[in-house]
**Student:** 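The structure that follows is given in the form of structure tokens.
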Amino acid sequence: MEDPASARDRMVEVQLAGRGIRDRHVLEAMRSVPREAFLEGGMREFAYEDSPLPIGSGQTISQPYIVALMIEAAGIAPGDRVLEVGAGSGYAAAVMGRIAGRVHTIERHAALADQARDRFKRLGYDNIELRVGDGSLGWPDAAPFDAILVAAAAPEAPQALREQLAIGGRLVVPVGDDEHGQRLRRITRTAEDRYEQDDLGGVRFVPLVGRQGWLEDGRQSASNHVPARSRSVPELVADAAEPLPDVDDPGFASAFDRFGDFRVVLLGEASHGTSEFYRARAAITRRLVERHGFTIIAVEADWPDAAAINRYVRHLPRRADARPVFQRFPTWMWRNVEVAELAVWLRRHNEGLGGARQAGFYGLDMYSLGSSIAAVLEYLDRVDPEAAAVARERYGCLTPWQKDPATYGRAVLSRGYGKCERDVVRQLHDLLASELEYAAGDGAEFLDAAQNARLVASAERYYRTMYYGGSQSWNLRDTHMFETLGNLLEAHGPDAKAVVWAHNSHIGDARHTEMGWSRGELNIGQLCRERFGGQAVLVGFGTHTGTVAAATDWDGEMEIKKVRPSRRDSVERLCHDSGVARFLLDLREGRREALRKRLMEPRLERFIGVIYRPETELQSHYAEVVLPEQFDAWTWFDETTAVSPLTPERHGSGMPETWPFGL
């Protein structure tokens with residue numbers, strides 16, 4: 001486990017300074033306060049992830065970036081007198097205490113207050129005073145304050161807190177109700193009866209319960225007003241949902257004909273191990289290929305492995321050195337019955353069609369550093385042995401890490417492997433420069449080799465940057481996948497259309513999720529919207545419960561795990577409570593505006609990758625999203641089952657026995 005001091009340094013550099021926090025007092029304070037000391041034992045391993053964490057009593061400790069943002073916005077300086085409303089675990093008060101002269105903090109939950117006091121005492125933070133009470137009323141006998149920070153959302157900025165500001169004092173408070181989301185406001189008192197206000201952006205906090213906040217039942221205390229909600233969100237979902245037949249029904253995919261005229265249709269999945277997601281995407285893909293002329297199937301898989309599938313489905317000759325595909329962890333993600341059945345169908349569909357009319361199967365991902373090097377060298381050995389010799393020399397510095405490329409990232413932090421990046425980029429340049437000569441022999445072969453060269457160049461940077469943390473490696477990977485998609489569309493001509501398979505975290509527009517808000521991450525969905533505009537459609541998939549194929553740790557054994565029922569505060573629970581077992585929800589503007597408006601509130605959404613840890617599900621697998629902005633459509637299966645990995649017993653009729661899915 002990483003040393004806590006090192007983790008704090010990384011948090012400050014990547015999550016705070018890297019995202020625009022500039023106040024040196026804030027950065028130094030965040031570097032000095034041990035966040036793990038404000039969490040219970042089971043949560044401490046997540047202490048320096050940039051996310052909120054549960055602390056009991058239905059409350060959370062805010063993510064580090066939000067803590068830093070609010071303190072910087074409040075302009076807290078040495079010697080200041082500060083009030084915090086919502087002490088929670090005590091972490092934010094501790095950080096402010098490293099800057100301010102005196103911190104007063106209020107918590108309405110006595111159990112949390114007792115724990116926070118113990119932490120202050122144990123850590124020697126003696127300039128913090130804590131009381132249990134109604135924070136919406138402030139602390140009149142300690143006023144005026146140079147800064148007041150409120151760690152809970154109020155229907156409006158409490159008048160009592162405004163009046164307890166010193167002239168020039170700043171109040172930072174999230175304002176808004178659950179229906180419309182919340183905005184972080186900074187209110188500065190410029191005179192006895194004058195205030196200025198700044199909007200600092202969208203946020204999501206627990207409600208401020210108190211006489212000048214909300215009542216326990218969600219009503220606004222000051223006016224006793226209940227927001228008008230004639231119908232619940234699940235009822236609106238049920239009205240808008242277009243029921244779907246069973247995924248194996250021949251008519252299942254007809255509802256997706258509406259997307260047939262788009263240039264890029266992106267199909268997501270809430271996990272990498274759910275059969276219904278794979279079978280649904282296969283049915284939709286078959287319809288898009290047969291009826292709407294799609295010829296590119298681009299998936300979140302390694303290019304070299306997918307290239308073997310492509311040769312199979314397009315009746316191209318098998319390479320002499322061809323080996324079974326998808327042997328690397330997680331094998332079940334693509335080496336499963338569902339994918340093999342689609343490959344068999346594609347091969348039958350392509351039979352007798354000209355090359356331009358055939359549908360191909362392509363990988364977008366960049367994990368297979370070693371196999372991509374091998375593919376480039378094998379190609380150059382055949383077409384240009386002298387170039388192959390030069391390439392071998394250039395790739396030599398990467399060779400020790402071909403079987404475990406992640407270790408390359410550790411090596412470059414302490415050794416002089418910087419020239420590898422220059423060499424792989426130069427190799428790509430040389431290969432592309434010879435395009436006309438090589439392409440004259442076999443254009444399809446050249447496309448494969450050129451993409452492998454691009455992959456090596458991107459993979460070198462990926463495995464190097466992943467050990468610096470932050471969003472760099474994620475952004476590099478998704479940018480590589482997007483650029484690969486662009487290269488495929490360009491190679492297939494101006495009329496080419498592509499269907500993309502990838503996880504919801506890649507497909508849903510990151511700008512409207514916690515990925516973009518909190519971590520500065522982008523993804524394929526965002527980049528496609530930016531490049532293709534209205535010619536790209538993003539379709540997400542979700543489930544409430546069932547089983548999933550996943551591992552507990554990276555490179556671990558596949559297990560069939562039970563998916564916990566979705567959380568009550570999640571997008572998935574709204575769908576489950578609609579009572580519709582399978583449906584398509586069209587979320588585009590101009591359709592079902594009443595539902596779109598109600599879904600514009602940020603809510604949790606579940607993301608299960610190849611790792612699933614039910615015991616830490618909230619921290620490991622949920623993130624906040626605005627569903628109608630994240631996706632253009634949402635496909636729902638209330639209960640789902642695990643994918644079927646390929647085994648000798650599961651090779652069905654017509655399924656390839658050896659290449660490319662040989663065992």
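Predicted model only: the values in this text are computed from it and were never measured.
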**Student:** Ignoring hydrogens and geometry, is there a side-chain-to-backbone donor-acceptor pair from Asn523 to Gln526 under 3.5 Å?
**Tutor:**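 Yes; judged by distance alone, with no hydrogens or angles, the pair exists.
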
**Student:** Are Asp632 and Arg529 within salt-bridge range, i.e. N to O under 4.0 Å?
**Tutor:**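 Judged by the 4.0 Å cut-off on N to carboxylate O distance, Asp632 and Arg529 do form a salt bridge.
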
**Student:** Side-chain contact test, heavy atoms from C-beta onward, threshold under 4.5 Å: evaluate it for Val625 versus His512 and give yes or no.
**Tutor:**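 Counting from C-beta outward, Val625 and His512 never come under 4.5 Å.
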
**Student:** So do Leu53 and Gln619 actually touch side chain to side chain, heavy atoms under 4.5 Å?
**Tutor:**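 Yes, close enough: below the 4.5 Å cut-off.
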
**Student:** State plainly whether the residues Arg603 and Glu605 are in salt-bridge range, i.e. N to O under 4.0 Å.
**Tutor:**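 Salt bridge absent between Arg603 and Glu605.
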
**Student:** For a 4.5 angstrom cut-off between non-hydrogen side-chain atoms, does Phe583 reach Trp634?
**Tutor:**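 A side-chain contact under 4.5 Å exists here.
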
**Student:** Any Lys/Arg nitrogen of Asp553 or Arg613 sitting under 4.0 Å from an Asp/Glu carboxylate oxygen of the other?
**Tutor:**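 Judged by the 4.0 Å cut-off on N to carboxylate O distance, Asp553 and Arg613 do form a salt bridge.
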
**Student:** Does Arg35 count as lying over the ring of Phe38, i.e. NZ or CZ under 6.0 Å from the six-ring centre, within 45 degrees of the axis?
**Tutor:**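 Because its charged atom misses either the 6.0 Å distance or the 45° angle limit, Arg35 does not stack over Phe38.
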
**Student:** Answer yes if the side chains of Asp638 and His544 hold a donor-acceptor pair under 3.5 Å, and no otherwise.
**Tutor:**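 Looking only at side-chain atoms, His544 and Asp638 do not form any donor-acceptor pair under 3.5 Å.
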
**Student:** Locate the shortest heavy-atom distance separating Ala306 from Gly363; write the atom from each residue and the value.
**Tutor:**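 Closest heavy-atom pair between Ala306 and Gly363: CB-N, 3.1 Å.
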
**Student:** Donor-acceptor pair, Arg279 side chain versus Asp248 backbone, under 3.5 Å?
**Tutor:**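 Between the backbone of Asp248 and the side chain of Arg279 there is no qualifying donor-acceptor contact (under 3.5 Å).
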
**Student:** Partners of Thr60 by side chain to side chain donor-acceptor pair (under 3.5 Å), sequence neighbours excluded?
**Tutor:**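 For Thr60, no residue satisfies side chain to side chain donor-acceptor pair (under 3.5 Å) once neighbours in sequence are set aside.
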
**Student:** By side chain to side chain donor-acceptor pair (under 3.5 Å), which residues pair with Ser578, not counting sequence neighbours?
**Tutor:**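 None.
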
**Student:** Does the distance from a Lys or Arg side-chain N to an Asp or Glu carboxylate O, for Arg204 and Glu601, drop under 4.0 Å?
**Tutor:**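 Looking at Arg204 and Glu601, the cut-off is met.
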
**Student:** Taking only residues two or more places apart in sequence or in another chain, which ones pass side chain to side chain donor-acceptor pair (under 3.5 Å) with Arg31?
**Tutor:**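 Side chain to side chain donor-acceptor pair (under 3.5 Å) list for Arg31, sorted by chain: Asp9, Glu13.
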
**Student:** Check whether any side-chain heavy atom of Leu244 sits under 4.5 Å from a side-chain heavy atom of Thr635, and report yes or no.
**Tutor:**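 Counting from C-beta outward, Leu244 and Thr635 do come under 4.5 Å.
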
**Student:** Do the non-hydrogen side-chain atoms of Pro34 and Tyr91 ever get within less than 4.5 Å of each other?
**Tutor:**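 Of all side-chain heavy-atom pairs linking Tyr91 with Pro34, none is under 4.5 Å.
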
**Student:** Would you say that Ile309 contacts Trp334 through its side chain, given a criterion of any heavy-atom pair below 4.5 Å between the two side chains?
**Tutor:**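 Not in contact.
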
**Student:** Evaluate the side-chain proximity of Tyr612 to His621: yes if any heavy-atom separation is below 4.5 Å, no if none is.
**Tutor:**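 Yes. Closest side-chain heavy atoms under 4.5 Å.
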
**Student:** Any sub-3.5 Å donor-acceptor pair from Thr484's side-chain atoms to His480's backbone N or O?
**Tutor:**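 Pair found, side chain donor or acceptor close to backbone of His480.
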
**Student:** Flag the pair Arg281 and Glu276 as a salt bridge only when some basic side-chain nitrogen lies within less than 4.0 angstrom of an acidic carboxylate oxygen.
**Tutor:**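 Salt bridge: no.
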
**Student:** Specify the closest pair of heavy atoms between Val610 and Pro330, including all atoms of both residues, with the distance to one decimal.
**Tutor:**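 Where Val610 meets Pro330 most closely, the heavy atoms are CG1-CG, 3.2 Å.
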
**Student:** Ring of Tyr312, cation from Arg347 - is the NZ or CZ under 6.0 Å from the centre and inside 45° of the axis?
**Tutor:**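 Yes.
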
**Student:** Closer than 4.0 angstrom, basic N to acidic O: yes or no for Lys561 and Glu617?
**Tutor:**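 The answer is no: the pair does not qualify as a salt bridge.
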
